[in-house]
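Chain A is the first sequence line, chain B the second, and so forth, proteins listed ahead of strands; every chain is numbered from 1.
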There are 2 protein chains.
Amino acid sequence: MTTTTRGFATIQQRDLVNQIADMLTEALLKGEFAPGVHLAEAQLARDFGVSRAPVREAARLLESRGMLVSQPRRGFFVRTFNADELDDVYDLRLCLERHAIRLLAGKLTAAMEAALSHQLETMRQVARDGTAVQQIEEDVAFHRMLCEFSGNQRLVRVFDELCHEMRFCILLIGQLYDDPLRVADTHEPILEALRTRSPDAGEAALDYHIGVAQQRVVEMFRERAKG
Amino acid sequence: MTTTTRGFATIQQRDLVNQIADMLTEALLKGEFAPGVHLAEAQLARDFGVSRAPVREAARLLESRGMLVSQPRRGFFVRTFNADELDDVYDLRLCLERHAIRLLAGKLTAAMEAALSHQLETMRQVARDGTAVQQIEEDVAFHRMLCEFSGNQRLVRVFDELCHEMRFCILLIGQLYDDPLRVADTHEPILEALRTRSPDAGEAALDYHIGVAQQRVVEMFRERAKG
DNA sequence: CATCCTCAAACTGTCGACACTCGACAGTCG
DNA sequence: CGACTGTCGAGTGTCGACAGTTTGAGGATG
């Protein structure tokens, strides 16, 4: 949140490209476009009431995020995931977070610990009275903090990319957590390992935590593909 | 394959966007644009003899690859790296390759081993009578194989992104290897560890190999920034 | 009935044009 | 002399249009 010297919030003059990208992203996450379907630029441009140029650029943006794919002279299509690709995403995510927690264990500050604790509390809160989307977002936010606090910004960027793809798949599945409060609790061992500055315990906790999620999500995704 | 009215087979007309992206990439890697410099769309369009639209899209592509950055209403600028960012890239790369070699150790086939051996031989060849660029490319190719053979395609994609950035920095530095043949040889322990299916030895070999490169490259980069 | 061909509609790739914004510079006022 | 304002050129954001390509339907053909 930036402010001027007078305290006004700066005018957020976002360009059309980002607005369109956000709206497309939202639509994709809501499942309004079936995987593999063709997105016609002209049609989208009409829908948004703009010309094709910004739509094209927004589509390129989403392509770079792995949500769309393009074929020359044929245009953009909604990215299709198969269970193996999703498995790769989780595998890579685990790789990143293990690394992050190993780095973090050696440099955890009181402020970081407080932030993580607070985030865990937020997760428990939305586990009780929040939507499924909120639960997922707060969950992601916790893991993102681990990456941020690791100090490797490049790692955070990749993590964000992977999250986009995971969200995409998860919201295709529909509801994810059967017992959100229990899911929130399974983050406690990770934080506990960090408190004791133990990278090995941290890795182990992560392995378990993400492994369970991976198994569950990929399995559900595989089922959905059949049905 | 398109043909002219005269019936001559014309060169496969690749997308302008990709052609421009490739030429821009090449120019960037050659250091023809100083880091931080502003790239004017209209000027580039004139240089390439095309309109601004494909230039814009190519620039977006390079932005997603981390070689350019854009500011709203101001356009595209050549990405500036600082030594810390480069350090992050190497750190992440090591993280990926460690994971790859761990996966690979459990599934190495004879064909994979042969391919890696062959690549190592190629590296020795260009170490004797190749250019610095060739040496770097064959080196990268070896490491890329490790990622590919790991079986995680998503990991390969991230590796490729990181390589783009590393090339970008390395060719900014200028010459890298003082003794290319020795550098090629330091890949042998990695392959040897794989032959014995030992993930731990593989990680250790990688840690050493990449650690040395990281230290050297980042150090040289830091020096260059001062001088 | 299956296959090939023709053709029109739809769509993408590219272009040139216009409006608006940003930054620099000179001029004005206190 | 310093700060503010008006103006101007450069450059981006967006648009509508055109040309060539892809697609799919429907008819012709074996």
Could you tell me how far apart A:Asp15 (CG) and D:dC15 (P) are, to the nearest whole angstrom?
12 Å

Pairs touching residues 28-40 of chain B that satisfy side-chain hydrogen bond (donor to acceptor under 3.5 Å, both in side chains), sequence neighbours left out
none

Under 4.0 angstrom, heavy atoms only, what part of the nucleic acid is B:Leu39 near: base, sugar-phosphate, or nothing?
sugar-phosphate

Find the distance B:Phe77:CZ to C:dG23:P and express it as a whole number of Å.
9 Å

Any side-chain heavy-atom pair from B:Leu68 and B:Leu28 closer than 4.5 angstrom?
yes

Result for side chain to side chain contact (heavy atoms under 4.5 Å, CB included) between B:Asp139 and one of B:Glu137, B:His143, B:Gln135 points to B:His143

Aromatic rings B:Phe168 and B:Phe81: how do their planes relate, parallel, tilted or perpendicular, breaks at 30° and 60°?
perpendicular

Residues two or more places apart in sequence or in another chain: which of them pass salt bridge (Lys or Arg N to Asp or Glu O under 4.0 Å) with B:Arg52?
B:Glu41

Pair A:Glu165-B:Arg154, salt bridge (charged side-chain N to carboxylate O under 4.0 Å, His left out): steps then yes or no:
CA-CA 11 Å; A:Glu165 300 173 26; B:Arg154 191 65 184 81; 2.8 Å; yes

What integer distance in Å separates A:Arg46:CZ from D:dA17:C1'?
15 Å

Would you check if B:Phe159 and B:Glu97 make a side-chain contact, meaning some heavy-atom pair closer than 4.5 Å?
yes

Looking at B:Arg60 and A:Glu57, is there a salt bridge between them, counting it only when a charged N and a carboxylate O are closer than 4.0 Å?
yes

Rounding to a whole Å, what distance do you find between B:Gln71:CD and C:dT21:C1'?
14 Å

All salt bridge (Lys or Arg N to Asp or Glu O under 4.0 Å) counterparts of A:Arg124, not counting sequence neighbours:
A:Glu121, A:Asp185, A:Glu188

Could you state the CD-P distance from B:Glu41 to C:dT21, rounded to the nearest angstrom?
17 Å

Please write out the pairs of protein N or O atoms and N or O atoms of nucleotides 22-24 of chain D separated by less than 3.5 Å, giving the distance to one decimal.
from: D:dT23; atom 1: OP1; to: A:Arg74; atom 2: NE; distance (Å): 2.6
from: D:dT23; atom 1: OP1; to: A:Arg74; atom 2: NH2; distance (Å): 3.4

Side-chain ion pair, B:Asp84 and B:Arg222, N-O less than 4.0 Å
yes

Under 3.5 Å, which N/O atoms of the protein pair with N/O atoms of nucleotides 6-10 of chain D?
none

Here the gap from A:Leu86 atom CG to A:Cys169 atom SG, rounded to the nearest 0.5 Å, amounts to 4.5 Å

Does D:dT12 have its OP1 or OP2 closer than 4.0 Å to a side-chain nitrogen or oxygen of B:His38?
yes

Between residues 51-66 of chain B and DNA chain D, which residues have a heavy-atom gap below 4.0 Å?
B:Arg52, B:Arg56

